[in-house]
Undergrad: 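Handing you this structure, nothing more for now.
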Amino acid sequence: MAALCRGAARLTLPICQIRQGLYRGYSAGSSFQYILVERKGQSQNVGFIQLNRPKALNALCDGLINELNQALDSFESDPQVGAIVITGSEKAFAAGADIKEMQNRTFQDCYGGSFLAHWNRVSSARKPVIAAVNGFALGGGCELAMMCDIIYAGEKAQFGQPEILLGTIPGAGGTQRLTRAVGKSLAMEMVLTGDRISAQEAKQAGLVSKIYPADKVVEEAISCGEKIARNSKLIVSMAKESVNGAFELSLAEGNKLEKRLFYSTFATEDRKEGMTAFVEKRKANFTDQ
Ligand code: CO8
């Protein structure tokens, strides 16, 4: 399937090096074709994934998604990494699922083969994931950004769900996450017309949390990742789980989940350390225990 993808650069990193946290640069003959992977930040504690299929505006072919999932698995199991940033290029975060790869699919292929069922790996990440979006975030690209926990946008970013113009509908959460993020009227308008919204409109509607000049978005996303990674990874995961509960549960159930997780923090060393450090007027030294 990966062979179907076109327009990828061949700068890659071996996954084993990512696991060991040993890499400092790119290495020949390594396993990634469609993404670039590094650890960033002063303490090398932010996992960084750059979609790198420039000729196809980072269209999300099957091979790219497989690599993205592998990189996420590696960062999730790397104890040094406390947050992950996903970005694209200045022209495109991602212009959607690969239309050329989908063009000749039949219903039987899709349904029988659970087509693109592995697309939602980002949404099951336990570590926080920040999307740094420049340029087009369309269709599956917008859906990918919305699977992340925080979206930072460049001033010229554009978000859209143009599937309707292709005779189909969003299939990776677009109708659901967009509606929760921006409300029914704007989501309907975007999904039914295929019209895009600007970064400024996306910010106003609550889809993105911050806008920066295009050349600053990635560094700001990394800096946000570093800020998160300075906290206890254990407690950060609990906080993330609790916020995500708001999308799945009733208010009463969500509040119960929050309370259980809040109580659970009292079983951790990091909660003790955090409060002791405050009382002793010093900086907390979290150990993720
Ligand atoms: N798939 C494949 N190739 C693409 C895609 C894409 N989504 N988008 C751009 N490309 C390719 C173009 O074909 C072109 O390649 P080539 O040079 O070989 O012809 C190259 O990228 C550059 O594109 P353009 O020449 O079109 O560049 P422009 O700057 O003129 O236009 C646009 C940029 C506006 C982004 C335009 O390329 C465009 O409209 N792209 C398609 C956007 C789109 O419709 N996205 C939605 C795709 S469907 C989808 O995402 C469904 C997800 C469902 C997930 C289901 C999971 C279960």
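In listed order, ligands and their atoms are each counted from 1. This structure is a prediction, so every number in the text was calculated from the model and none was measured.
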Undergrad: Aromatic rings F262 and F266: how do their planes relate, parallel, tilted or perpendicular, breaks at 30° and 60°?
TA: perpendicular
Undergrad: What closest approach, in Å, do T268 and M238 show between heavy atoms, and which atom pair accounts for it?
TA: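 Taking T268 first and M238 second, the nearest heavy atoms are CG2-CE, 4.3 Å.
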Undergrad: Contacts table for ligand 1: protein N or O within a distance under 3.5 Å of ligand N or O, distances only.
TA:
from     : atom 1 : to   : atom 2 : distance (Å)
ligand 1 : 1 (N)  : A97  : O      : 3.4
ligand 1 : 1 (N)  : I99  : N      : 2.9
ligand 1 : 7 (N)  : A95  : O      : 3.1
ligand 1 : 7 (N)  : A97  : O      : 2.9
ligand 1 : 13 (O) : K100 : NZ     : 3.0
ligand 1 : 15 (O) : K100 : NZ     : 3.4
ligand 1 : 18 (O) : K100 : NZ     : 3.3
ligand 1 : 21 (O) : K55  : O      : 3.4
ligand 1 : 29 (O) : K91  : NZ     : 2.9
ligand 1 : 45 (N) : A95  : O      : 2.9
ligand 1 : 50 (O) : A97  : N      : 2.8
ligand 1 : 50 (O) : G140 : N      : 2.8

Undergrad: Give me each pair satisfying ring-ring contact (aromatic ring centres under 6.0 Å, His included) with a member in residues 137-169, each pair once, sequence neighbours excluded.
TA: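 Of all non-adjacent pairs touching residues 137-169, those that pass ring-ring contact (aromatic ring centres under 6.0 Å, His included) are Y152-Y212.
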Undergrad: Check the surroundings of atom NZ in K240: do more than 12 heavy atoms from other residues, nucleotides or ligands lie under 6.0 Å from it?
TA: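 For K240, atom NZ is crowded (more than 12 foreign heavy atoms under 6.0 Å).
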Undergrad: Under a 3.5 Å threshold, yes or no: a donor from one side chain and an acceptor from the other, between E226 and S223?
TA: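 There is no such pair (donor and acceptor under 3.5 Å, judged by atom type) between the side chains of E226 and S223.
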Undergrad: With the threshold set at 4.0 Å, does a side-chain nitrogen-carboxylate oxygen contact exist between E76 and R121?
TA: yes
